[in-house]
Amino acid sequence: MPSQTHVTTTINGEPVQFLCEPRQSLLECLRDILGMTGTKEGCNDGNCGACTVVFDGRIVTSCLVLGVEAQGKEISTIEGIARGNRLHPLQQAFLENAALQCGICTPGFIVAAKALLDQEREPSEERIRFWLANNLCRCTGYDKIVRAVEQAAAVSKQEAAR
Amino acid sequence: MKWFDYECPRTVEAAVGLLSAPGRKVRALAGGTDLLVQLRAGRREADLVVDIKEIRELNELRLDSTGLTIGAAVPCYRIYNDPAIARAYPGLIDAVSLIGGTQIQGRASLGGNLANAAPSADAVPVLIALGARCLMAGPAGARSLAVEDFCVAPGRNALAPGELLVSIHIAAPASGSGAAYLRFIPRNEMDIAVVGAGASVVLDGNVFAEARIALASVAPTPLFAAQAGDSLIGKPVGEASINAAAEIAKAAAKPITDMRGTAEYRRHLCGVMTRRALTRAIARAKETN
Ligand SMILES: Cc1cc2nc3c(=O)[nH]c(=O)nc-3n(C[C@H](O)[C@H](O)[C@H](O)COP(=O)(O)OP(=O)(O)OC[C@H]3O[C@@H](n4cnc5c(N)ncnc54)[C@H](O)[C@@H]3O)c2cc1C
Ligand code: FES
Ligand code: FES
């Protein structure tokens, strides 16, 4: 008899447990089981990056990770980005630069860009574009997204200097 | 996706036991960037998925005097983030840093790239050019196989039932050696090679002492163009020898026409990409001399 698997994991620093079927993706587990709908589904095949989360320190497309693989791992999602009621500099920069229209790609871009800024203070435009090549946007034309990431990098640098 | 069971063994023996389960369709899971897409699309079936990422040997990444051992489940980013490996094997780095984008590179393994046996697999030509070997473990014990003999048909590899790819081994680079991988695609990232070319050379002064060339997306499997490489041995480095090798590589290709290009276009690109890969490999060989 097929039975569900019990998964114990950490999401945005909090211990979390859930039951899922082995065939369910981490994306499905986040959205449909845990109700964490900030992570989006675009293509469900690894191409669009809308489902990007940090999985044990690396960004991955959560549609290509099984929920059962989360056992014992650390996961960060878009829900963990804001600092309490204050937006993260990336979120603020996306708003100020109109780096989103429909918004379906935005959580993925922000999670991916944050992973870059967490490891590199001042990435070049080329570096940003290559880092984000696994994230697709049908609305903005990318330029505003790249500007927003550059602005957030500058703001984060100032904050760190203070 | 259809229902499947999931196991996450800790040892090679346990994995082989699970992969050999009689009467079950069992699939190894490394990064899942091919397998989960295929299971979801119904292109492959499994009633048991064996996650191999918790097995020590499959996570090993070791550079020593014998060369480089890459556990089959090691994701691309671990390879290009290692400065010593990047210095010793720049041709391998070319390939692992252009598989997918950042997210895919966080998961995709060389073992999966090989075992999936796509003609377009970007890591395979350079592994063939570098003379890499696959180390496998199965119910009948361990064995090893040259990478050029591993892919046998589109989507089919040389693994026997129950067999697991454990690691890939590349010999230490000889002095005066250089390698490169290049692919031709319509955009810089996130697409499948129209044609890819991997080349590895060992130079003795200005003469080719060794040369190996392999191509992606021009035949049912990654293609080892042995004669193209052999034609260079003993010849002086220069346009004439490089062009002659590129012509032989072109003749060895058996490309098809699909949405990414016609057979004729691909054949033309074989020559172009072989020349470019050789030129870059030669430049690297001269740098290390
Ligand atoms: C968006 C996207 C972009 C991509 N871009 C590229 C690209 O640019 N170039 C490219 O070459 N590929 C690309 N791919 C394909 C894929 O990422 C690579 O082939 C990758 O290397 C597969 O590795 P994996 O660890 O994810 O394999 P998995 O999906 O885990 O496994 C692939 C196959 O190999 C088998 N397998 C895996 N490991 C073993 C083992 N140790 N022993 C026996 N069998 C095993 C599995 O059962 C499965 O059949 C892309 C995929 C996606 C989704
Ligand atoms: S939904 Fe996962 S990459 Fe598109
Ligand atoms: S804002 Fe609509 S897809 Fe990016």
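Reckoned from all heavy atoms, side chains included, excluding hydrogens, waters and symmetry mates.
Only the side chain of B/L29 comes within contact range of chain A, with heavy atoms under 4.5 Å apart. Neither the backbone nor the side chain of A/L116 comes within less than 4.5 Å of any heavy atom of chain B. For chain B, no part of A/Q71 is nearby; none of its heavy atoms comes within less than 4.5 Å. The contact between A/A112 and chain B is made entirely by side chain atoms (from C-beta outward), counting heavy-atom distances below 4.5 Å. In this structure, chain B has heavy atoms under 4.5 Å from both the backbone and the side chain of A/N44. Only the backbone of B/K2 comes within less than 4.5 Å of a heavy atom of chain A; no side-chain atom from C-beta onward does.
No more than 12 heavy-atom neighbours from other residues, nucleotides or ligands sit within 6.0 angstrom of CZ on B/R56. Other residues, nucleotides and ligands contribute only 12 or fewer heavy atoms inside 6.0 Å of the CZ atom of A/R121. Other residues, nucleotides and ligands place more than 12 heavy atoms under 6.0 Å from the CD atom of A/Q119.
The choice from A/L136, A/L66, A/D56, A/L132 that makes the most heavy-atom pairs within less than 4.5 Å of chain B is A/L66.
Across all non-hydrogen atoms, the minimal contact from A/P22 to B/Y6 is CB-CB, 3.6 Å. The minimum heavy-atom distance linking B/W3 with A/R23 is given by the pair N-NH1, 3.3 Å. B/T33 and A/L64 make their closest contact through CA-CD1, 3.9 Å (heavy atoms, listed as atom of the first residue, atom of the second, distance).
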Show your reasoning for whether side chain to side chain contact (heavy atoms under 4.5 Å, CB included) applies to A/V65 and B/R107. CA-CA 9 Å; A/V65 178; B/R107 297 275 288 173; 3.7 Å; yes
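A donor-acceptor pair is defined here as one N or O able to donate and one able to accept, closer than 3.5 Å; no such pair exists between the side chain of A/N134 and the backbone of B/G100. Under a 3.5 Å cut-off, the side chain of A/R58 and the backbone N or O of B/G106 do not form any donor-acceptor pair.
Between the side chains of A/T61 and B/Q103, not a single donor N or O lies within less than 3.5 Å of an accepting N or O.
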